[in-house]
Amino acid sequence: MKDEQGKKLSDEEVVHNIVSLVIAGYESTTIAIMWAVYHLAKSPVVLAKLREENVAMSKSKGGSTLTGLMITHDDIPKMKYTAKVVEETIRMANIAPMVHRVANKDVEYRGYTIPKGWAVLVWLRSVHTDPNYYLDPLSFNPDRWDEAAKPGTYQVFGGGPRICAGNMLARLQVTVILHHLCVGYEWELINPDAQINYLPHPRPVDGAAMTFRKLST
Ligand code: HEM
């Protein structure tokens, strides 16, 4: 397939793109879903509100209180509380704890000079857990998203021209699975106090082992 200027990708470039999409798109979203379910297990009030919105959505489409129907593109903007849960999950998860950049000119920053050509590692996790930007930053509080984050302080998907190509897809995937889980299931962490490992991606050492039960009433 060619673009409008007649250029096309080589077979090698096509393979690179496929591999990067699988790597960038698969594990990141799985970890986001794990953290959503983890935080909801520890936040019954948030889970109750999430369930309320999603059950109402299901019923409004002719579904039941126990089986989430397929949500569509038109449903997403109506799921306002769910969107806040998704955003808060991704903020706290810090799935990509850092991004890499190269200074393309000398940069003065807080009394330091970063010389042109130097590699810079931008530690995103420290931005998302900074109490100057997020009140009580380590608490899972979807309602903090009633107000937008201060400019530059929310970079979970990186930023600029290389911002994550899948950021909207990732949000959508977490939204869809949360809809079906919270309408039809309840769950519990087996080791709620399991230690968290932070690299390469943050996750509890037991992989967030949980028990699930299908709701029946
Ligand atoms: C919650 C899930 C995800 C998180 C937290 C995440 C985070 C990130 C971050 C921080 C970057 C680097 C951006 C930068 O350097 O400024 C990135 C790049 C990228 N992501 Fe994601 N990502 C997620 C899901 C996905 C999904 C679902 C896909 C595709 C199916 C995807 C595809 C990509 C690609 C292709 C890049 C490279 C973009 C470029 O260099 O131009 N990501 N992601």
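Counting starts at 1 for both ligands and their atoms, following the listed order.
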> When you check the side-chain N and O atoms of D136 and S139, is any donor under 3.5 Å from an acceptor?
Replying inline: yes
At a 4.0 Å threshold, what atoms of ligand 1 neighbour a non-hydrogen atom of [X]?
| X | result |
| --- | --- |
| I95 | 1 (C), 5 (C) |
| L169 | 30 (C) |
| T29 | 27 (C) |
| G159 | 16 (O) |

> Under the 3.5 angstrom rule, does the side chain of N197 hit a backbone N or O of L199 as a donor-acceptor pair?
Replying inline: no
> Is a donor on one side and an acceptor on the other found under 3.5 Å between the side chain of S43 and the backbone of L40?
Replying inline: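 No; zero donor-acceptor contacts below 3.5 Å.
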> Can you name the closest pair of heavy atoms from S10 and E13 and give their distance?
Replying inline: N-OE1, 2.8 Å
>> Please work out, at 4.0 Å between heavy atoms, whether the side chain, the backbone, both, or neither of V156 comes within that distance of ligand 1.
In response: backbone
So which heavy atom in the protein is nearest [atom], and how far is it from that ligand atom?
| atom | result |
| --- | --- |
| atom 41 (O) of ligand 1 | R162 NE, 2.8 Å |
| atom 15 (O) of ligand 1 | R101 NH1, 2.9 Å |
| atom 12 (C) of ligand 1 | V99 CG1, 3.8 Å |

> Would a search of protein heavy atoms around atom 30 (C) of ligand 1 find one under 4.0 Å away?
Replying inline: yes
> Step by step, would you call Y26 with L21 a side chain to side chain contact (heavy atoms under 4.5 Å, CB included)?
Replying inline: CA-CA 8 Å; Y26 166 68; L21 280 178; over 6 Å; no
> Is there a heavy atom of S20 sitting under 4.0 angstrom from any atom of ligand 1?
Replying inline: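 False for this residue.
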> Would the number of heavy atoms belonging to other residues, nucleotides or ligands and lying under 6.0 Å from NZ of K116 be above 12?
Replying inline: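 It does not: K116 NZ has 12 such atoms or fewer within range.
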>> Aromatic contact between W145 and Y154, with the criterion being ring centroids under 6.0 Å apart: yes or no?
In response: yes
>> Run the side-chain hydrogen bond (donor to acceptor under 3.5 Å, both in side chains) test on N54 and T82 for me, step by step, so that the C-alpha distance in whole Å, both residues' side-chain angles and the decisive distance to 0.1 Å come before the verdict.
In response: CA-CA 8 Å; N54 280 272; T82 311; 3.1 Å; yes
> Which protein N, O or S atoms lie under 2.8 Å from atom 21 (Fe) of ligand 1?
Replying inline: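 Per the 2.8 Å query on atom 21 (Fe) of ligand 1, atoms found are C164 SG.
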>> Is the terminal nitrogen or CZ of K214 (NZ for Lys, CZ for Arg) located under 6.0 angstrom from the six-membered ring centre of Y185 and within 45° of that ring's axis?
In response: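 Relative to the ring axis of Y185, which defines the angle, K214 lies inside both limits.
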>> Parallel, tilted or perpendicular, judged at 30° and 60°: which one describes the rings of Y134 and H128?
In response: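 Ring orientation, 0 to 90° scale: perpendicular.
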